[in-house]
**Student:** 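The structure follows.
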Amino acid sequence: MALPNIDVTPIGSLRSIEEGSRVVVRGWVYRKRVLKNKVFLVIRDSSGIVQVVFSGGLVEEASRLNIESAIYVGGTVKREERAPGGVEIQADGILWEFVGEHFPINEDAAEADSELLLDLRHLWVRSRKMQAVLKIRSTIFSAVHEYFRSNGFYEVQAPTFISAAVEGGSTLFSLDYFGTPAYLTQSAQFYLEALIYSLEKVYTIAPSFRAERSRTRRHLTEFWHAEMEMAWAGLRDVMKVGEGVISRAVERVLQDNLEELSILGRKTEYLERIRPPFPMVSYDEAIDILRNKGVQLKWGDDIGADEERVLTLQFEKPIHLHHFPEAVKAFYHKNDPQRPETTLSVDVLAPEGYGEVIGGGERIENYDELVNKIRRFGLEPGNYGWYLDLRRFGSVQHAGFGLGMDRLVMWICGLDHVRDALPFPRDMRRIRP
RNA sequence: GCCGCCGUAGCUCAGCUUGGUGGAGCGAUGGGCUGUUAACCCAUAGGUCCCGGGUUCAAGUCCCGGCGGCGGCGCCA
């Protein structure tokens with residue numbers, strides 16, 4: 001049946017509409033309460049929810065509408081203390097309807113954070129919780145683009161099919177590319193390094209793929225990666241852009257999504273203090289802090305998830321953890337000339353135990369230094385042909401980072417698991433829906 | 001790769017320690033209810049207790065094996 005050709009009022013704007021006005025709203029049945037002579041349907045659209053009261057001759061038709069049925073309904077706006085949100089609609093007619101089958105997700109399942117919600121993700125995205133996360137995610141993506149573009153970065157695109165690894169080779173998804181082996185990209189970094197010699201400051205937001213058999217709340221096999229690279233730049237510049245982009249995202253969410261944060265139960269005071277500058281903590285200092293907290297660590301050990309948690313709980317803001325030892329960072333990180341056993345590297349760790357959201361630093365711009373380090377890491381320089389080539393033609397000091405967009409959303413929303421930060425997560429054991 | 005945990009109604013789970021005729025809430029169906037807020041009240045239907053083997057007079061419960069799932073670590077964003 002064709003949709004009614006009529007103006008509709010977004011539910012979210014009803015609060016500002018004069019009492020007594022006649023409106024038509026459309027949406028899906030979110031709650032249903034049937035009494036003898038009245039039916040209360042709470043209708044949901046993308047902008048909010050409103051209670052619609054059906055009485056008299058409309059009771060029978062309204063009571064046939066199951067949860068998640070779709071409806072156009074006309075009625076009169078009324079201020080009503082007893083209604084959720086303080087406004088309701090006294091229905092005078094159902095203009096259009098689609099009576100759905102019984103919706104398979106009930107309150108029990110929704111409370112439980114169950115596997116069912118992942119199996120039925122195509123339906124669960126309708127929930128108020130997912131709706132709130134997706135709105136905040138949209139704000140965050142917008143803010144990240146906005147930050148880069150307003151700071152002189154060009155947006156670029158790198159290929160998804162690639163022929164070689166950025167780092168090792170074990171975490172690549174392989175595929176058959178017309179008879180030759182190929183892989184899905186795990187980072188656009190090398191391509192961005194090439195592009196800085198054209199555009200100087202570049203960024204991209206794109207999926208990266210990691211075939212890691214990870215079973216943690218922070219890992220996906222397909223994740224949205226915001227990466228940037230800058231010519232003529234060093235470690236301090238990476239930190240500045242990192243804290244800038246994160247702060248902008250938080251600021252925009254606080255500006256645009258207070259209602260969504262409240263739906264998620266996310267307290268804003270954790271977010272309100274997120275402003276530059278972020279504390280800088282060197283690897284050496286981190287080891288000291290952790291030892292004072294009773295964590296047994298020796299210099300050179302990597303700082304794992306448990307250590308990150310202890311460390312970040314000491315701070316209210318994200319921290320720049322910098323100068324990691326050579327062995328715990330990938331080969332392309334530049335060693336600090338002042339202290340060659342360390343690298344000009346930085347991770348940004350989100351507070352409240354959330355941990356790493358950014359990894360980056362200064363890259364090696366010298367050809368021989370890069371070849372030597374590739375060999376020192378037991379890798380084959382021949383596999384890095386065009387990447388090494390970049391060091392032969394006007395090579396300059398440069399630096400960049402990768403930001404896990406899904407992790408950023410997870411932290412800002414206060415979620416328990418990164419897979420709830422995007423609509424259709426991919427992990428080791430899940431490729432549908 | 002390593003370490004834990006779980007599998008019982010459509011869904012979420014209790015029952016297992018100490019073996020003795022399968023339970024609750026939600027959902028569904030039917031009925032009731034003068035304004036509900038995850039409405040409420042009454043009733044009804046709904047089961048291969050993951051699979052296979054073993055112990056036992058008797059196994060959802062104990063033992064062995066298998067399958068499936070979950071969480072954490074490592075790895076990273």
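Chain identifiers are assigned alphabetically (A, B, ...) following the order of the sequence lines, protein sequences preceding nucleic acid strands; residue numbering begins at 1 within each chain.
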**Student:** Which residue is it: A:R44, A:R31, A:K32? I am looking for the one with a salt bridge (Lys or Arg N to Asp or Glu O under 4.0 Å) to A:E68.
**Tutor:**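 With A:E68 as partner, salt bridge (Lys or Arg N to Asp or Glu O under 4.0 Å) holds for just one option, A:R44.
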**Student:** For A:L118 and B:C11, give me the distance from atom CG to atom C1', rounded to whole Å.
**Tutor:**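 Roughly 15 Å, once rounded to whole Å.
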**Student:** Could you work out the separation of B:U61 and B:C6 based on their C1' atoms and round it to a whole Å?
**Tutor:**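 About 16 Å, rounded to a whole number of Å.
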**Student:** Salt-bridged, A:R137 to A:D406, with N to O below 4.0 Å?
**Tutor:**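 Salt bridge present between A:R137 and A:D406.
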**Student:** Parallel under 30°, tilted from 30 to 60°, perpendicular over 60°: which one fits the rings of A:F148 and A:F401?
**Tutor:**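 Aromatic pair A:F148/A:F401 classed tilted.
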**Student:** Select from A:W224 and A:D306 the residue whose nearest nucleotide in RNA chain B is closer to the 5' end of that strand.
**Tutor:**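 It is A:D306, whose closest nucleotide lies nearer the 5' terminus.
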**Student:** Would you call A:E88-A:R79 a salt bridge at under 4.0 Å N-O?
**Tutor:**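 Salt bridge: no.
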**Student:** Just the rounded figure in Å: distance from P of B:C75 to CG of A:L172.
**Tutor:**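 Roughly 18 Å, once rounded to whole Å.
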**Student:** Reckon A:R31 touches a base, only the sugar-phosphate, or nothing at all at heavy-atom distances under 4.0 Å?
**Tutor:**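 Counting heavy atoms under 4.0 Å across all strands, the contact made by A:R31 is with sugar-phosphate only.
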**Student:** Taking the same atom, P, in B:G23 and in B:A43, what whole-Å distance lies between them?
**Tutor:**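 Per the computed distance, 16 Å lies between those P atoms.
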**Student:** At 4.0 Å (heavy atoms only), tell me whether A:L220 reaches a base, stays on the sugar-phosphate, or touches nothing.
**Tutor:**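 Base contact.
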**Student:** Within the structure shown, what part of the strands sits under 4.0 Å from A:E227 by heavy-atom distance: base, sugar-phosphate, or nothing?
**Tutor:**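 Counting heavy atoms under 4.0 Å across all strands, no contact is made by A:E227.
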**Student:** With a 3.5 angstrom cut-off on both distances, give the Watson-Crick or G-U wobble partner of B:G68, or none if there isn't one.
**Tutor:**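 Across any shown strand, B:G68 pairs with B:C6.
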**Student:** Just call it for A:R128: base, sugar-phosphate, or nothing, with non-hydrogen atoms closer than 4.0 Å on any strand.
**Tutor:**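 Here A:R128 touches no strand at all.
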**Student:** Indicate whether A:F223 forms a stack on B:A77; treat it as stacked only if centroid distance is below 5.5 angstrom and interplanar angle below 30 degrees.
**Tutor:**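 A:F223 vs B:A77: stacking yes.
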**Student:** Looking only at side-chain atoms of A:L116, point me to the closest of B:C11, B:U34, B:G71.
**Tutor:**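 The listed nucleotide nearest to A:L116's side chain is B:C11.
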**Student:** Nearest of B:U36, B:U34, B:C70 to any side-chain atom of A:R33?
**Tutor:**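 The closest nucleotide is B:U36.
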**Student:** I need the CG-P distance between A:D416 and B:C70, as an integer number of Å.
**Tutor:**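 My rounded result for the distance is 17 Å.
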**Student:** Say you pick atom P in B:U44 and the same atom in B:C26; how far apart are they, in whole Å?
**Tutor:**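 That atom pair is separated by 15 Å.
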**Student:** So what does A:V34 touch, heavy atoms closer than 4.0 Å: a base, only the sugar-phosphate, or nothing?
**Tutor:**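 Base contact.
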**Student:** Rounded to whole angstrom, note down the P distance from B:G46 over to B:U29.
**Tutor:**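 Comparing P positions in B:G46 and B:U29 gives a spacing of 16 Å.
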**Student:** Pick the C1' atom in B:A14 and in B:A9, then give their distance to the nearest Å.
**Tutor:**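 Those two atoms are separated by 13 Å.
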**Student:** Using whole Å, what does the distance between atom P of nucleotide B:G1 and atom CZ of A:R215 come to?
**Tutor:**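 To the nearest whole Å, that distance equals 12 Å.
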**Student:** Output yes when A:R275 and A:E243 qualify as a salt bridge under the 4.0 Å nitrogen-oxygen rule, no when they do not.
**Tutor:**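 No, this pair does not count.
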**Student:** Counting only Watson-Crick pairs (N1-N3 plus N6-O4 or O6-N4) and G-U wobbles (N1-O2, O6-N3), all under 3.5 Å, who is the partner of B:G27?
**Tutor:**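 With both distances under 3.5 Å required, B:G27 matches none.
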**Student:** Roughly how many Å apart are B:G30 and B:U18, using the C1' atom of each and rounding to a whole number?
**Tutor:**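 Result for the C1' pair: 42 Å, nearest Å.
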**Student:** With hydrogens left out and only the distance checked, is there a donor-acceptor pair under 3.5 Å joining A:S214's side chain and the base of B:C75?
**Tutor:**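 Such a pair exists between side chain and base.
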**Student:** Distances under 3.5 Å between protein N/O atoms and the N/O atoms of nucleotides 46-50 of chain B, please, pair by pair.
**Tutor:**
none

**Student:** Once the angle between the rings of A:F324 and A:Y283 is folded into 0 to 90°, is it parallel (under 30°), tilted (30 to 60°) or perpendicular (over 60°)?
**Tutor:**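 Ring orientation, 0 to 90° scale: tilted.
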**Student:** Ignoring backbone atoms, establish whether A:R82 has a side-chain N or O less than 4.0 Å from OP1 or OP2 of B:U34.
**Tutor:**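 No, A:R82 has no side-chain N/O under 4.0 Å of OP1/OP2 on B:U34.
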**Student:** For A:R309 and B:C73, what is the distance between atoms CZ and P respectively, to the nearest whole Å?
**Tutor:**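 From A:R309 CZ to B:C73 P: 5 Å.
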**Student:** Between A:K38 and A:G404, which is nearer to the 5' end of RNA chain B once each is assigned its nearest nucleotide?
**Tutor:**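 Counting from the 5' end, the first nearest nucleotide belongs to A:K38.
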**Student:** Under 4.0 angstrom, heavy atoms only, what part of the nucleic acid is A:E88 near: base, sugar-phosphate, or nothing?
**Tutor:**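 Base: the residue A:E88, judged by heavy atoms under 4.0 Å, touches a nucleobase.
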**Student:** Send over the distance from A:F331 CZ to B:C75 P, rounded to a whole Å.
**Tutor:**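 For the pair A:F331 CZ and B:C75 P, the rounded distance is 18 Å.
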**Student:** Between B:G69 and B:U8, how far apart are the C1' atoms? Round to whole Å, please.
**Tutor:**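 It works out to 15 Å between them.
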**Student:** Using atom CZ of A:R218 as one end and atom C1' of B:G72 as the other, report the distance to the nearest whole Å.
**Tutor:**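 So the CZ-C1' distance, A:R218 to B:G72, works out to 10 Å.
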**Student:** Quick one: do A:D92 and A:R22 make a salt bridge, cutoff under 4.0 Å?
**Tutor:**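 Looking at A:R22 together with A:D92, the answer is yes, because their closest N to O distance falls below 4.0 Å.
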**Student:** Nearest 0.5 angstrom please: A:L195 CG to A:Q157 CD, how far?
**Tutor:**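 A:L195 atom CG to A:Q157 atom CD measures 9.5 Å (nearest 0.5 Å).
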**Student:** Using the P atom in both, what is the distance from B:U48 to B:C5, to the nearest Å?
**Tutor:**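 Their P atoms lie roughly 28 Å apart.
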**Student:** Taking the side chain from A:S282 and the backbone from A:H322, do they hold a donor-acceptor pair closer than 3.5 Å?
**Tutor:**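 No; judged by distance alone, with no hydrogens or angles, the pair does not exist.
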**Student:** Please lay out, stage by stage, how A:K334 and A:E369 fare under the test salt bridge (charged side-chain N to carboxylate O under 4.0 Å, His left out).
**Tutor:** CA-CA 9 Å; A:K334 185 171 168 178; A:E369 188 182 339; over 6 Å; no
**Student:** With a 3.5 angstrom cut-off on both distances, give the Watson-Crick or G-U wobble partner of B:C62, or none if there isn't one.
**Tutor:**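 By the stated definition (distances under 3.5 Å), B:G54 pairs with B:C62.
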**Student:** With both distances under 3.5 Å as the test, what is the Watson-Crick or G-U wobble partner of B:G19?
**Tutor:**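 Pair assignment: B:G19 / none.
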**Student:** Please determine if a side-chain N or O atom of A:H102 lies less than 4.0 Å away from the OP1 or OP2 oxygen of B:U29.
**Tutor:**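 Checking A:H102 against B:U29: at least one side-chain N or O falls below 4.0 Å of OP1 or OP2.
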**Student:** For A:K329, answer base if it contacts any base atom (sugar-phosphate contacts may also be present), sugar-phosphate if it contacts only those atoms, and nothing otherwise; contact means non-hydrogen atoms under 4.0 Å.
**Tutor:**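 Here A:K329 touches no strand at all.
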**Student:** Just the rounded figure in Å: distance from P of B:G74 to CD of A:E308.
**Tutor:**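 Roughly 8 Å, once rounded to whole Å.
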**Student:** I'd like to know if the side chain of A:R217 reaches the main chain of A:V418, judged simply by a donor and an acceptor atom lying under 3.5 Å from each other, with no hydrogens or angles considered.
**Tutor:**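 Flag not set: sc A:R217 to bb A:V418 has no pair under 3.5 Å.
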**Student:** Scan A:D302 against the nucleic acid and name what it touches under 4.0 Å (heavy atoms): base, sugar-phosphate only, or nothing.
**Tutor:**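 If one applies the 4.0 Å heavy-atom cut-off, A:D302 turns out to touch the sugar-phosphate alone, with no base involved.
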**Student:** Can a side chain N or O of A:R217 be found less than 4.0 Å away from OP1 or OP2 on B:G72?
**Tutor:**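 For B:G72, OP1 or OP2 has a side-chain N or O of A:R217 closer than 4.0 Å.
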**Student:** Using the side-chain heavy atoms of A:K36, tell me which of these nucleotides is nearest: B:A77, B:C70, B:C33.
**Tutor:**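 Among B:A77, B:C70, B:C33, the one nearest the side chain of A:K36 is B:C33.
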**Student:** Which is true for A:Q90 with a 4.0 Å heavy-atom rule: it touches a base, it touches only sugar-phosphate, or it touches nothing?
**Tutor:**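 Answer is base: heavy atoms of A:Q90 come under 4.0 Å of a base.
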